[in-house]
Amino acid sequence: MEKKGFSSRLGFVLAAAGSAVGLGNIWRFPYLAAEHGGGMFLLVYLILAVTFGFTLMITEVALGRKTGKSAIGAYKFLSKKCSFIGYLEALVPMIIFPYYCVIGGWVVKFLGVYITDQGSAATSENYFGDFIGGVSEPLFCLGIFLVLTSVVVLLGVEKGIERVSKIMMPILIVISIGLSVYCVTLDGAMEGLIYYLRPDFEHFGIKTVVAAMGQLFYSMSLAMGIMVTYGSYMGKKDDLEKSVRHIELFDTGIAFIAGLMIIPAVFAFSGGKDLQQGPTLMFVTLPKVFNSFPGGNVVGFVFFVLVLFAALTSAISLMETIVSVFCEIFKAKRTVVCIVVMIVAFLLGVPSSLGFGVLSGVTIMGKSILDFFDYISNNIMMPIVALLLSIFIGWIVKPRVVVEEVESSGTFRFRKMYGILIKYIVPVCMIVILISSIIGYV
Ligand code: TRP
């Protein structure tokens with residue numbers, strides 16, 4: 001793989017943040033927070049982000065920068081016996097990508113809704129359910145999203161994406177802040193704000209921790225090789241610890257704002273009874289918000305353009321990870337691999353999409369098909385990878401490898417804690433998470 005490298009630390013932070021900030025922040029975080037007790041979920045998430053998230057992200061980035069390789073190569077480089085961890089990491093995006101595109105398709109549909117000025121129709125009770133329950137329309141939208149993603153990956157216009165990210169991301173932040181201020185001041189939103197911000201110990205439980213952990217991996221694109229790859233592009237002199245902190249701050253900040261935008265609105269429009277909506281929450285609540293003020297259609301349009309953009313940048317890096325792995329393994333041509341990945345992803349996306357309609361009778365472990373893939377990747381695969389990674393670094397190659405890499409470009413203030421976390425706390429917690437996931441706590 002060619003190594004172009006990022007031109008500056010800011011370039012690295014923005015590119016990594018562009019990959020991390022996606023549907024996970026805007027779509028997934030708010031519905032999980034709503035479902036798992038609001039303030040309690042938020043608190044658990046924040047604690048996990050500054051401990052686990054930080055530890056795992058700095059490990060992955062350091063591994064990448066040290067070895068100059070992507071996940072598969074990096075593990076192989078450090079230990080031949082452990083190279084299977086790299087392969088496992090590479091498997092996770094393959095599970096996520098197809099269903100990620102299904103949700104991306106939903107965003108495309110809503111963009112269409114606002115372009116054609118049907119914003120008020122979208123507020124009717126069954127609008128969203130009817131749409132995802134259909135066959136051709138959601139599949140068509142999935143196709144559009146996949147083609148958009150594939151075209152960019154095929155063209156490899158990384159420069160373009162990076163440049164556009166720099167413009168779009170700030171706009172997304174401004175619009176989200178504006179909308180969240182509006183939502184918080186809606187009639188009846190106060191109760192939602194309190195629910196979202198005040199931790200209520202009644203909601204604390206292993207279930208909350210497992211959900212928050214899954215979300216952390218997902219949102220920060222951890223345990224799937226992406227941060228290793230990005231680390232390998234990073235400048236040798238750039239401060240690693242600071243960069244990782246900035247990526248985390250970016251990612252968590254946007255998730256937090258998305259929660260502020262959606263949860264108070266749920267209370268304002270439905271008195272809180274929609275909290276358990278799950279994956280559909282954003283698509284049901286936000287149209288009501290947009291419909292509630294003059295010019296809401298235009299804001300809805302801009303909002304979904306930006307969500308689409310955030311989703312696309314993440315989907316592109318998911319697909320890029322998959323494509324580069326296959327190119328490496330099969331030594332195949334990039335174009336061919338891209339097209340094959342696109343077709344296979346579509347076929348794998350079909351059952352996830354139909355799971356809300358004709359296949360709604362099919363449930364796996366009590367979950368819809370899309371939920372099942374989401375669960376397998378975030379609550380089972382990622383803890384396994386994180387467990388192996390922490391044993392690998394903590395006990396086999398030793399934390400020194402990471403510490404030295406971080407210290408080669410700056411101080412490592414979190415050093416002492418890092419050793420303890422990666423050796424003891426991360427593995428133990430991963431085992432607990434795994435067991436509770438498997439015995440069906442979630
Ligand atoms: N983090 C992305 C989001 O929040 C989704 C994602 C998960 C991802 N894993 C990834 C993106 C790997 C790129 C690469 O939506």
Side-chain angles (χ1 to χ4, degrees), residues 13-33 45 49 53 56-57 60-61 64 70-71 86 88-107 145-146 149 152-153 158 161-162 165 168-169 172-173 176 212-233 244 247-259 279 282 306-325 341 345 370 373-383 385-386:
V13 170
L14 281 179
S19 155
V21 174
L23 291 170
N25 307 62
I26 306 165
W27 155 77
R28 201 172 186 276
F29 181 85
Y31 87 72
L32 282 175
Y45 185 85
L56 290 169
M57 193 184 283
E60 294 204 358
V61 175
S70 61
L88 267 184
E89 283 208 351
L91 194 65
V92 183
M94 298 179 198
I95 304 177
I96 294 184
F97 185 57
Y99 85 78
Y100 199 87
C101 292
V102 173
I103 319 282
W106 298 354
V107 176
F145 186 83
L146 242 173
T149 308
V152 180
V153 175
E158 283 165 35
I161 296 182
E162 220 184 289
S165 299
M168 298 284 264
M169 282 300 170
L172 179 68
I173 298 176
S176 307
M213 189 69 92
Q215 172 60 15
L216 185 75
F217 288 134
Y218 190 90
S219 187
M220 296 191 178
S221 312
L222 291 172
M224 57 185 82
I226 187 86
M227 288 299 159
V228 181
T229 312
Y230 276 36
S232 74
Y233 299 139
V244 167
I247 300 169
E248 283 203 321
L249 198 67
F250 217 115
D251 191 67
T252 310
I254 295 197
F256 176 73
I257 297 170
M282 173 175 111
L306 296 169
V307 175
L308 180 66
F309 185 78
L312 272 176
T313 52
S314 296
I316 289 160
S317 58
L318 271 169
M319 185 166 171
E320 175 66 40
T321 319
I322 301 172
V323 168
S324 63
V325 165
V341 168
L370 188 145
F373 283 125
D374 188 67
Y375 175 78
I376 285 290
S377 49
N378 299 295
N379 299 83
I380 310 270
M381 291 287 292
M382 295 203 211
V385 173

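We count ligands from 1, going down the list as the structure has it; atoms in each ligand are counted the same way. Given the structure is predicted, the values throughout are model-derived calculations rather than measurements.
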Visitor: Is it the side chain, the backbone, both or neither of Arg28 that has a heavy atom closer than 4.0 Å to ligand 1?
Guide: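 The answer is neither; Arg28 stays 4.0 Å or more away.
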Visitor: Fit a plane to each ring of Tyr99 and Tyr218, take the angle between them on a 0 to 90° scale, and name the class: parallel (under 30°), tilted (30 to 60°) or perpendicular (over 60°).
Guide: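 Aromatic pair Tyr99/Tyr218 classed parallel.
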Visitor: Side-chain contact, heavy-atom cut-off 4.5 Å: Glu320 with Thr229?
Guide: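 Contact flag for Glu320/Thr229 side chains = no.
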Visitor: Looking at residues at least two apart in the chain, or sitting in another chain, which of them share a side-chain hydrogen bond (donor to acceptor under 3.5 Å, both in side chains) with Glu89?
Guide: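 Glu89 satisfies side-chain hydrogen bond (donor to acceptor under 3.5 Å, both in side chains) with Tyr75 once adjacent residues are dropped.
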Visitor: Is the shortest side-chain heavy-atom distance between Val107 and Leu23 below 4.5 Å?
Guide: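 Val107 reaches Leu23 side chain to side chain.
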Visitor: At a 4.0 Å threshold, what atoms of ligand 1 neighbour a non-hydrogen atom of Ala20?
Guide: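 Here the atoms of ligand 1 in question are 1 (N), 2 (C), 3 (C), 4 (O).
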Visitor: Give the atoms of ligand 1, by number and element, whose distance to some non-hydrogen atom of Ser19 is under 4.0 Å.
Guide: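 Close to Ser19: 1 (N), 2 (C), 11 (C), 13 (C), 14 (C).
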Visitor: List the atom of Ile226, the atom of Ser19, and the distance in Å for their closest heavy-atom pair.
Guide: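 Taking Ile226 first and Ser19 second, the nearest heavy atoms are CG1-OG, 4.0 Å.
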Visitor: Would you please determine whether Pro93 falls within less than 4.0 Å of ligand 1 on a heavy-atom basis?
Guide: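 Judged by the 4.0 Å heavy-atom criterion, Pro93 does not count as contacting ligand 1.
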Visitor: Which of the atoms of ligand 1 are close to Ser219, meaning less than 4.0 Å from one of its heavy atoms?
Guide: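 Taking each heavy atom of Ser219 in turn, ligand 1 has 1 (N), 4 (O) under 4.0 Å.
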Visitor: Say whether Leu318, considering both its backbone and side-chain N or O atoms, lies within less than 3.5 Å of an N or O atom on ligand 1.
Guide: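 Between Leu318 and ligand 1, no N or O pair is found under 3.5 Å apart.
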Visitor: Looking at non-hydrogen atoms alone, which of Phe29, Phe97, Tyr218 comes nearest to atom 6 (C) of ligand 1?
Guide: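 Looking at heavy atoms only, Tyr218 sits closest to atom 6 (C) of ligand 1.
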Visitor: Using a 4.5 Å cut-off on heavy atoms from C-beta on, say whether the side chain of Phe145 contacts that of Leu308.
Guide: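 Of all side-chain heavy-atom pairs linking Phe145 with Leu308, at least one is under 4.5 Å.
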Visitor: Would a distance-only check, ignoring hydrogens and angles, find a side-chain to backbone donor-acceptor pair under 3.5 Å from Thr252 to Glu248?
Guide: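 Flag set: sc Thr252 to bb Glu248 pair under 3.5 Å.
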Visitor: Under 4.0 Å from a heavy atom of Leu23: which atoms of ligand 1 are those, numbered in the order shown and with their elements?
Guide: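 Counting from 1, the qualifying ligand atoms are 15 (O).
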Visitor: Side chains of Leu146 and Phe97: does their closest heavy-atom pair fall under 4.5 Å?
Guide: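 Side chain of Leu146 against side chain of Phe97, heavy atoms only: contact under 4.5 Å found.
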Visitor: Could you check whether any heavy atom of Phe217 sits closer than 4.0 Å to an atom of ligand 1, since that is the contact criterion I want to use?
Guide: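 False for this residue.
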Visitor: Tell me which protein heavy atom sits closest to atom 8 (C) of ligand 1, plus the residue, atom name and distance to 0.1 Å.
Guide: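 For atom 8 (C) of ligand 1, the nearest protein heavy atom is Ser221 OG, 3.4 Å.
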Visitor: Does an N or O from Ser317, backbone or side chain, lie closer than 3.5 Å to an N or O of ligand 1?
Guide: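 It does not: no N or O of Ser317 is found under 3.5 Å from an N or O of ligand 1.
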Visitor: At less than 4.0 angstrom from any non-hydrogen atom of Asn25, what atoms of ligand 1 do you find?
Guide: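 Those atoms are 4 (O).
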Visitor: What's the shortest heavy-atom distance between Gly18 and Ser314, and which atoms?
Guide: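 Heavy atoms of Gly18 and Ser314 come nearest at O-OG, 3.7 Å.
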Visitor: Please state which protein non-hydrogen atom is closest to atom 10 (C) of ligand 1 and give its distance, to 0.1 Å?
Guide: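 So the nearest neighbour among protein heavy atoms is Met224 SD, 3.3 Å.
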